> 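Before I ask anything, let me first share the structure, which is written out below as structure tokens.
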Amino acid sequence: MHATLLPFIVLCPLIGGALLLLSAGRMPRLATGFVGVGSIGLAALLAAWQARLFAYLPDTVGSVQTPLWSWMHGAGLDIRIGFTLDALSVVMMLVVTGVGFLIHLYAYGYMRDDPDIARFFSYMNLFVAAMLVLVFANDLLGLYVGWEGVGVCSYLLIGFWYKEAANTAAANKAFVVTRIGDAIMLCGLLLLAVHAGTLDIATLTHPQPGVLSPHIVTVASFLLFGGAIAKSAQVPLQTWLPDAMAGPTPVSALIHAATMVTAGVYLIARLHLLFAMAPLVMTAVSVVGVVTLLLAAGAALVQTDIKRILAYSTMSQLGYMFLALGSGAWEASIFHLVTHAFFKALLFMTAGAIILRLHHEQDIFRMGGLARKMPWITAAFVAGSAALAGLPVITAGFYSKEMILQNAWHSDPLLWGGALLGAFMTSTYIFRCVFIVFLGAPRTEPHGRTGWTMAVPLVCLTVLALAGGMIDAPSPLTPGHMLSRLVSPLFGKPGAEGATWLMVVGSLIPPMGIVLAWLMWRYGDRMPAMNPLARLARTGWGFDTVYDRLVVTPFVALGRLNINDIFDRLSTGAAAGADAGGHLLGRMQNGQVRRYASWIAAGTVAALCLAVFS
């Protein structure tokens, strides 16, 4: 078993990113694309070969360790850097490198005329490398290094076009909000390090009796969950994700499909045995997931920017994954992560092709009639939309969504009802977008053609968005269950299948949402004047306003007060007091004997009074 391939898989994008950074833009454009795309392509090939080798291992071999070096040793803490190859890391490795390669190939066509294309691909390569470190790490400190790496790369890519103030503001917002979660997560890591004496994942998930008390496990799990909330844009730290659309569209595809936002889901799945020991945290994970999926779907219903619609849809779909995690349906969550990577990358990349050919127009109400002008792009977007909506049998999203709904019913029927409502809203808002953009009268004339470097990834992802669910579809439909066979040794066997009526209900909901969208937006007309609830939803339910008034404004006011008033007054007052005291003491020392005698007498009287009255 060539476990040493794991370091090489990480080194491919890492070296590619370093070469592009060191070139400082002097490398020819074609060579830049070759290095930027080729490094990820090589990593994808090595990942496929590594997965093939892993498939031949006996079932008794759950994981393969690749130790690298000892980082810290002493004071009761031993940190060793190494990589782990198991079922979960294999799945994530294939998603990150495979979908990441398609996005990089697409990005070359999208960014080929940008003068900073070398800087762009260096950031993209480093993004993938950091995500792979996060996925492979066998120690939580090593995972945290990758965790921070994807945070830094997302900041650099969201603000890539930094000359526009709005892009810089969006990058700063993403960095600050996710850092809040990172600080909370770091507290959890420190708590585990102090009480367990290690951050080794295998040791923490299989602790010795008495090492970690239930109280410590619960608190540490809550803190780690806080980090996952911020990174995966769940309520209440979700406000950064819609604004992150300021970056180039390939960046949005990479963040939403293969890296960044999936990190929170991966963290909980990786530590699922630790979280399973904290039932209160599991309940919180489910509730946060349902709340997020409903709020995000409601916000997506009233957006006019095509990329913001897709951003809110990512938040909503991540809510489904968190619901599955909290319900103990680990396999269902990972399955949905995989299918979501297919159709969400497809949706963002087709949206990018539309935006590029419409002179960078993103308002869906300024599009219209594109089905006649861009038939192949239309077919790809509709395929992605069908998968997002979870249309029965013919899409990948149906199988993973149905697995989550089945497990949610067994966990809590109330949560199942919320998830079902979210499925209805999902099909409504995404086909609202389809009908407005592709039907009706044309409003903006497209120009140019979609090059092959953009078209090939779209074709591949269209196939995966439709047929990708077959890797774990129910046996009557396919002899598959490939994902189940892979991850069952890690997570255990899937939960019991629900009643037939559950699948029937889940299958009927998406078409009902499409019918509603057809009745309301089939002509591509604008919505009627929005009511206060719709206006609130369009702002993301007012979270930004609340945070601005409760946190940002008081903090800025306090900062200004400290700088310009309190500290100045304190220093000025201290100087004035010292000066007045000096003058007073100076008047006492004037060389007059009578004045000295008076002070001695006054002091004697004061001492006698103190002695008498004490």
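Computed from a predicted model, the values in this text were never measured in an experiment.
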> I'd like to know if the side chain of Arg308 and the backbone of Asp305 have a donor-acceptor N/O pair within less than 3.5 Å.
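The answer is no, because no donor-acceptor pair under 3.5 Å joins these two groups.
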> Nearest heavy-atom pair of Gly440 and Arg372: which atoms, and what distance?
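That closest heavy-atom pairing would be O-NH2, 3.5 Å.
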> Is a side-chain donor or acceptor of Ser333 paired with a backbone partner of Met321 at a separation under 3.5 angstrom?
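Checking the backbone N and O of Met321 against the side chain of Ser333, a donor-acceptor pair under 3.5 Å is found.
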> Counting distance only, does the side-chain N/O of Ser316 pair as donor-acceptor with the main-chain N or O of Tyr312 below 3.5 Å?
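Such a contact is absent between Ser316 side chain and Tyr312 backbone.
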> Once you round to the nearest 0.5 Å, how far does CG of Leu19 lie from OG of Ser39?
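Result: 9.0 Å between the selected atoms.
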> Is Tyr547 atom OH crowded by more than 12 heavy atoms from other residues, nucleotides or ligands, each under 6.0 Å away?
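Buried by this count: over 12 neighbours within 6.0 Å.
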> Give, for atom CG of Leu323 and atom NE2 of His336, the distance between the pair rounded to the nearest 0.5 Å.
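The NE2 atom of His336 is 10.0 Å from CG of Leu323, to the nearest 0.5 Å.
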> Give, for atom CG of Leu318 and atom NE2 of His256, the distance between the pair rounded to the nearest 0.5 Å.
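Going from CG on Leu318 over to NE2 on His256, the span is 9.0 Å.
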> If we ignore hydrogens and angles and just use 3.5 Å, is the side chain of Trp541 paired with the main-chain N or O of Leu295 as donor and acceptor?
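Checked: pair present.
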> Over all heavy atoms of both residues, which pair between Ala341 and Val99 is shortest? Give the atoms and the distance, please.
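Looking at all heavy atoms of both residues, the shortest contact is O-CG1, 4.1 Å.
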> Has the side chain of Thr168 got a donor or acceptor atom that lies under 3.5 Å from a matching backbone atom of Tyr162?
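Judged by distance alone, yes, a pair lies under 3.5 Å.
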> With a 3.5 Å distance limit and no angle check, can you tell me whether Gln303 reaches the backbone of Arg538 through a side-chain donor-acceptor pair?
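Yes; judged by distance alone, with no hydrogens or angles, the pair exists.
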> Please determine if Arg119 forms a cation-pi arrangement with Phe160, meaning its NZ or CZ atom is less than 6.0 Å from the six-membered ring centre and no more than 45° off the ring axis.
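Here Arg119 passes the 6.0 Å and 45° test against Phe160.
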> Between Thr444 and Arg366, is there a donor-acceptor pair closer than 3.5 Å when you use the side chain of the first and the backbone of the second?
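Flag set: sc Thr444 to bb Arg366 pair under 3.5 Å.
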> For a quick test of reading the model, state the closest non-hydrogen atom pair linking Arg29 to Pro115 and the distance between them.
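Where Arg29 meets Pro115 most closely, the heavy atoms are NH2-CA, 4.4 Å.
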> So, does Lys231 use its side chain to make a donor-acceptor pair with the main chain of Trp147 at under 3.5 Å?
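Flag set: sc Lys231 to bb Trp147 pair under 3.5 Å.
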> What is the distance from atom CG of Asp116 to atom NZ of Lys163, rounded to the nearest 0.5 Å?
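Asp116 CG to Lys163 NZ: 7.5 Å, rounded to 0.5 Å.
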> Please report the shortest heavy-atom distance between Val235 and Val288, naming the atom on each side.
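Where Val235 meets Val288 most closely, the heavy atoms are O-CG1, 3.5 Å.
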> Apply side chain to side chain contact (heavy atoms under 4.5 Å, CB included) to Phe348 and Ile103, showing your working.
CA-CA 10 Å; Phe348 267 111; Ile103 294 172; over 6 Å; no
> Considering all heavy atoms of both residues, which atom of Leu254 and which atom of Gly100 are nearest to each other, and what is their separation?
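So the two residues come closest at CD1-CA, 4.2 Å.
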> Judged by atom type as modelled, is there a donor-acceptor pair below 3.5 Å linking the side chain of Thr292 to the main-chain atoms of Gly319?
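Between the backbone of Gly319 and the side chain of Thr292 there is no qualifying donor-acceptor contact (under 3.5 Å).
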> Between atom CE of Met245 and atom OG1 of Thr314, what is the distance when rounded to the nearest 0.5 Å?
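It is 7.0 Å, given to the nearest 0.5 Å.
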> Considering residues, nucleotides and ligands other than Lys373, do more than 12 of their heavy atoms fall under 6.0 Å from its NZ?
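Counting other residues, nucleotides and ligands, NZ of Lys373 stays at 12 neighbours or fewer.
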> Does the separation of the ring centres of Phe435 and Trp518 fall below 6.0 angstrom?
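Under 6.0 Å, so yes.
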> For residues Tyr110 and Phe120, determine if any side-chain heavy atom of one lies less than 4.5 Å from a side-chain heavy atom of the other.
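No - every pair of side-chain heavy atoms lies 4.5 Å or more apart.
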> Would you call Leu293 and Gln317 a side-chain contact if the rule is heavy atoms closer than 4.5 Å?
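Side chain of Leu293 against side chain of Gln317, heavy atoms only: no contact under 4.5 Å found.
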> Show the nearest heavy-atom pair for residues Ala253 and Met349, with the distance to one decimal.
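So the two residues come closest at CB-CG, 4.1 Å.
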> Are the side chains of Met454 and Leu356 in touch, meaning some heavy atoms are under 4.5 Å apart?
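In short, these two side chains touch, coming nearer than 4.5 Å.
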> How about Met92 and Leu337: do any of their side-chain heavy atoms sit closer than 4.5 Å?
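Met92 reaches Leu337 side chain to side chain.
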> Is it possible for you to check whether Arg179 lies under 6.0 Å from the centre of the six-membered ring of Phe175, through NZ or CZ, and within 45° of that ring's axis?
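The answer is yes, since Arg179 meets both limits relative to Phe175.
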> Starting at CG of Leu370, measure out to CG of Leu439 and round the result to the nearest 0.5 Å.
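Here the interatomic distance stands at 9.5 Å.
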> Taking side chain as C-beta onward, heavy atoms only, is Leu388 less than 4.5 Å from Tyr429?
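They are in side-chain contact.
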> Side-chain contact test, heavy atoms from C-beta onward, threshold under 4.5 Å: evaluate it for Leu294 versus Leu421 and give yes or no.
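SC-SC contact between Leu294 and Leu421 confirmed.
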> Give me the ring orientation class for His340 and Phe343: parallel if the planes are under 30° apart, tilted from 30 to 60°, perpendicular past 60°.
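Answer is perpendicular, since the angle exceeds 60°.
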> For Lys344 and Ser313, which I'm curious about, is there any donor-acceptor pair between the side chains at under 3.5 Å?
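Per modelled atom types, Lys344 and Ser313 side chains form a pair under 3.5 Å.
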> Measure the shortest side-chain to side-chain distance between Tyr266 and Leu143 over non-hydrogen atoms and say whether it is less than 4.5 angstrom.
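Yes, at least one pair of side-chain atoms sits under 4.5 Å.
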> Does Leu189 form a side chain to side chain contact (heavy atoms under 4.5 Å, CB included) with Leu224? I'd like the steps, not just the answer.
CA-CA 8 Å; Leu189 298 184; Leu224 295 175; 3.8 Å; yes
> Quick one, Met367 and Ile306 - any side-chain contact, counting heavy atoms below 4.5 Å?
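Contact flag for Met367/Ile306 side chains = yes.
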> Between Glu361 and Arg443, is there a side-chain N and carboxylate O pair less than 4.0 Å apart?
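No, Glu361 and Arg443 are not salt-bridged.
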> Would Lys173 and Asp544 pass as an ion pair if we require N to O under 4.0 Å?
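Looking at Lys173 and Asp544, the cut-off is met.
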> Start with the C-alpha gap between Ile364 and Ile309, add the side-chain angles, then the distance that decides, and say whether side chain to side chain contact (heavy atoms under 4.5 Å, CB included) holds.
CA-CA 10 Å; Ile364 59 175; Ile309 294 172; 3.9 Å; yes
> Could you walk me through whether Leu30 and Tyr108 satisfy the side chain to side chain contact (heavy atoms under 4.5 Å, CB included) test, starting with their C-alpha distance in whole Å, then the side-chain angles of each, then the deciding distance to 0.1 Å, before giving a yes or no?
CA-CA 9 Å; Leu30 184 61; Tyr108 178 72; 3.8 Å; yes
> Regarding Thr453 and Tyr106, is there a side-chain donor-to-acceptor distance under 3.5 Å anywhere?
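No donor-acceptor contact under 3.5 Å links the two side chains.
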> Under 3.5 Å, is there a donor-acceptor pair between the side chain of Gln234 and the main chain of Ser232?
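Between the backbone of Ser232 and the side chain of Gln234 there is a qualifying donor-acceptor contact (under 3.5 Å).
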